[in-house]
Amino acid sequence: MLEPFPSSSSSSQSKFQASRAGVFPLIRAPPCRIELKRRGGGGGGGGGGRRVAMAMARLTPNGVAAALAGDTNLKPVLQIVELRGVQVNGAGVTRGERFRAVVSDGTAASSALFAAQLSDHARSGALRRGSIVQLSEYVINEVGPRRIIVILNLEVLVSECEIIGNPTALSETGSPIPNPTRVEQFNGAPQYGLMAGNSSNTTTKRSDNVPLFQNSMAGNSDFATRPSDKVPVFQPTVQPSYRPAPNYKNHGAIMKNEAPARIIPISALNPYQGRWAIKARVTAKGDIRRYHNAKGDGKVFSFDLLDSDGGEIRVTCFNALLDRFYEVVEVGKVYVVSRGNLRPAQKNYNHLNNEWEILLENGSTVDLCPDEDSSIPTQRFDFRPINEIEDAQNNAILDIIGVVTSVNPCTTIQRKNGMETQKRTMNLKDMSGRSVEVTMWGDFCNREGSQLQGMVERGIFPVLAVKAGKVSDFSGKSVGTISSTQLFINPDSAEAHSLRQWFDSGGRDASTQSISRDITPGASRNEIRKTVAQIKDEGLGMGDKPDWITVKATVIFFKNESFFYTACPNMIGDRQCNKKVTKSTTGNWTCDKCDREFEECDYRYLLQFQIQDHSGTAWVTAFQEAGQELLGCSAIELNALKEREDPRFADTMLNCLFQEYLLRLKVKEESYGDERKVKNTAVKVEKVDPSGESKFLLDLISKSSALH
């Protein structure tokens with residue numbers, strides 16, 4: 001794009017121009033300053049300092065007209081002849097400073113607006129008046145009767161240069177404006193002259209023959225150059241005006257904005273585009289959700305789209321638009337969607353790999369494509385091996401695939417908000433040598449869950465693909481369903497076929513290690529088994545994250561003086577406060593967090609006991625759930641026995657002593673004043689099942705034999 005000046009001799013110049021004449025018509029430029037960084041550490045001239053080269057810039061002939069006509073693939077080389085900051089206050093646009101420019105191809109000029117991500121380039125001085133740039137990405141927006149070039153990305157070729165040619169402003173139709181006298185700001189305020197200085201110093205009364213922009217070295221003056229200034233003017237070669245090829249023929253007159261929008265990939269969507277359309281397949285459709293806010297009651301639903309390039313995006317409809325499109329949209333069918341509003345994706349609810357989502361409006365269209373498009377896949381997965389879930393963040397959304405080895409019956413549980421829901425758990429294993437618990441909630445339990453349970457009971461172990469499962473780190477790592485989760489039984493994919501072949505050829509009997517708690521009663525506990533001594537010897541719990549282990553040990557001692565604490569019974573949303581409360585002088589219980597008093601309090605376990613195995617002893621703390629699993633009664637019931645001096649209190653404790661348990665422990669170092677100690681917290685307690693323990697030991701023996 002940049003050519004060095006040839007030799008100063010006239011013969012060399014003639015040869016240079018003749019050699020280029022047949023390639024591109026030249027728009028000759030005055031001297032330009034290009035700052036280049038010298039690579040390397042040696043040599044003269046300061047050894048790696050900056051040097052200034054003289055160059056000739058080649059602007060794209062008729063680049064402005066071509067860009068305004070809608071040719072967004074041109075990537076023209078243009079010059080910035082005016083640059084200033086403006087406040088964009090249009091509807092739907094974030095308030096703040098943006099930069100407006102006038103760009104020129106040496107013959108014609110047009111208004112342009114820099115996208116927000118380019119503002120720092122203008123503030124830092126990388127972009128300035130006279131800079132020559134190549135527009136690598138841009139769109140054309142219509143603002144009233146005018147067209148604006150919105151520059152999304154560019155490359156600075158020359159940082160500083162005299163104004164090339166005598167460009168004149170173009171109208172929105174691409175024709176020159178007769179006798180142009182001013183340039184309008186993007187927000188409608190008039191701006192006379194060309195520079196960001198005092199308007200009284202930059203406005204000149206010109207005749208029709210004076211060009212809109214005069215040549216001046218960038219940074220030399222804050223005023224437009226007068227015609228009398230003795231600055232050499234290089235006249236560009238005049239090119240014929242750009243005339244794009246007609247897209248529609250023999251269809252009669254086409255009014256503005258009536259021609260169908262051009263279909264673009266989902267990945268190319270951005271909020272600076274005017275009219276667009278995408279062709280994609282519906283991969284998921286959500287249920288209708290109802291809500292209530294300050295504006296009243298409403299309803300909403302969303303669906304996900306996938307195009308032939310693998311791009312995904314979520315589309316959302318509210319209220320009247322829901323009534324219009326809910327029955328139209330079907331999973332698996334291909335549609336052309338156009339005229340929606342792009343907004344930042346709400347990542348709390350939108351798991352797709354796209355920073356934008358579409359909000360349909362009154363003018364939006366969703367048209368079914370009658371012909372099936374085989375180039376668009378039915379679904380897109382990004383599978384993660386089960387062993388990678390161990391390092392996944394809590395609440396992460398991911399895709400997994402594995403063979404279903406067990407399915408538990410469906411149960412009904414009560415949530416903390418008082419609502420009942422259904423829950424079903426199953427176990428998946430894959431070729432990574434790990435297995436994981438998958439929890440299905442709500443309708444998944446009776447729909448896919450019942451089908452999977454029936455298959456496993458008949459000895460058929462299906463392959464299951466989980467799209468958009470949510471990771472939980474409670475009691476190890478597990479994966480649960482959410483509203484946007486999709487389950488695919490025996491999908492027709494390369495990963496599914498590979499898993500099936502592995503499982504049938506020996507993977508069924510391969511030992512695996514669970515990254516979650518065991519979900520099958522009486523089955524092997526293939527968890528991370530440790531001895532009591534290994535907790536200290538291996539420095540467990542000393543890292544940034546807690547260690548989750550399983551210990552088989554005997555309970556040898558209880559601290560029965562204080563085994564509970566008084567807790568706040570207040571419900572905050574769907575959760576109980578559970579903070580410690582104290583008795584006030586009024587006889588009520590006071591919670592400092594809620595700043596309230598209560599007549600009654602709750603009793604929750606804070607149980608401390610000692611365990612022992614063949615390697616040593618350790619102290620363990622158990623809270624509410626684990627305490628109930630160990631002692632078989634609630635804290636309030638046990639405290640009532642103690643207050644009545646009922647002998648059953650001592651019997652409850654004694655019945656647990658010298659019994660062998662499997663304890664799921666969370667091991668983490670904590671601070672107690674100036675002292676740091678490793679704390680072992682029991683999150684699950686089970687009595688040792690002889691059958692399940694025997695199977696675990698047999699698996700351990702076969703695994704050791706395989707290593708030797």
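Fair warning: this is a prediction, and the values are worked out from it, not measured in the lab.
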In this structure, are over 12 heavy atoms from other groups packed under 6.0 Å from D367 atom CG? yes
Rounded to the nearest 0.5 Å, how far apart are OG1 of T283 and CG of D304? 4.5 Å
Side chains of K299 and D323: does their closest heavy-atom pair fall under 4.5 Å? yes
With the threshold set at 4.0 Å, does a side-chain nitrogen-carboxylate oxygen contact exist between K285 and E330? no
Can you tell me if Q79 uses its side chain to pair, donor with acceptor, with the backbone of I164 under 3.5 Å? yes
Are R281 and P377 packed together at the side-chain level, in the sense that at least one heavy-atom pair is separated by less than 4.5 angstrom? no
Are the side chains of R314 and S484 in contact, using a 4.5 Å heavy-atom criterion? yes
Run the numbers on V328 and Y326 for side-chain contact (heavy atoms from CB on, under 4.5 Å), then give the verdict. CA-CA 5 Å; V328 173; Y326 186 79; over 6 Å; no
Write down the atom of I148, the atom of S111, and the distance for their closest heavy-atom approach. CD1-CB, 3.8 Å
Check whether any side-chain N or O of T316 sits under 3.5 Å from a backbone N or O of S302 as a donor-acceptor pair, and report yes or no. no
Using side-chain heavy atoms (C-beta onward) and a distance below 4.5 Å, is N362 in contact with L321? yes
Kindly indicate whether the side chain of L360, heavy atoms from C-beta on, has any atom under 4.5 Å from the side chain of V315. yes
In this structure, CZ of F301 is separated from CZ of F318 (nearest 0.5 Å) by 11.5 Å
Minimum heavy-atom distance E312-K467, with the two atoms named: OE2-NZ, 3.8 Å
Are S131 and S159 close enough, and set up right, to give a side-chain hydrogen bond (donor to acceptor under 3.5 Å, both in side chains), and what steps lead you there? CA-CA 5 Å; S131 296; S159 61; over 6 Å; no
Work out which heavy atom in L83 is nearest to a heavy atom in A101; give both atom names and the distance. CD1-CB, 4.1 Å
Can you see which heavy atom on W356 is nearest to which on I313, and at what distance? O-CG1, 3.5 Å
So does E355 get a backbone contact from the side chain of K347, meaning a donor-acceptor N/O pair under 3.5 Å? no
Closest non-hydrogen atoms of L269 and L342, given as atom of the first, atom of the second and distance, are CB-CD2, 3.6 Å
I need the Y335 OH to C369 SG distance, nearest 0.5 Å. 9.5 Å
Trace of the side-chain contact (heavy atoms from CB on, under 4.5 Å) decision for D309 with I266: CA-CA 8 Å; D309 293 332; I266 289 176; over 6 Å; no
Does a salt bridge link R339 with E361, judged by any charged N lying under 4.0 Å from a carboxylate O? no
Please determine whether side-chain contact (heavy atoms from CB on, under 4.5 Å) holds for the pair F99 and I80, giving the CA-CA distance in whole Å, both sets of side-chain angles, and the decisive distance to 0.1 Å. CA-CA 12 Å; F99 283 85; I80 299 175; over 6 Å; no
So which atom in L154 and which in V133 form the shortest heavy-atom distance, rounded to 0.1 Å? CD1-CG1, 4.3 Å
Point-to-point distance, once rounded to the nearest 0.5 Å, from CG of L322 to CG of N319: 7.5 Å
A side-chain contact here means heavy atoms from C-beta on lying under 4.5 Å apart; do V336 and L368 qualify? no
Test item: N62 and V64 side chains (from C-beta on) under 4.5 Å apart, heavy atoms: no
Value for CG (L306) from OG1 (T378), rounded to nearest 0.5 Å, stands at 8.5 Å
Any donor-acceptor pair under 3.5 Å from D399 side chain to D382 backbone: yes
Using side-chain heavy atoms (C-beta onward) and a distance below 4.5 Å, is V81 in contact with V103? no
Is there a side-chain contact (heavy atoms from CB on, under 4.5 Å) between I151 and L113 once you walk through the steps? CA-CA 6 Å; I151 302 174; L113 182 70; over 6 Å; no
Inter-residue atom distance I132.CD1 - E155.CD, 0.5 Å rounding: 12.5 Å
Only one of T365, I358, I278 forms a side-chain contact (heavy atoms from CB on, under 4.5 Å) with S338, so which one is it? T365
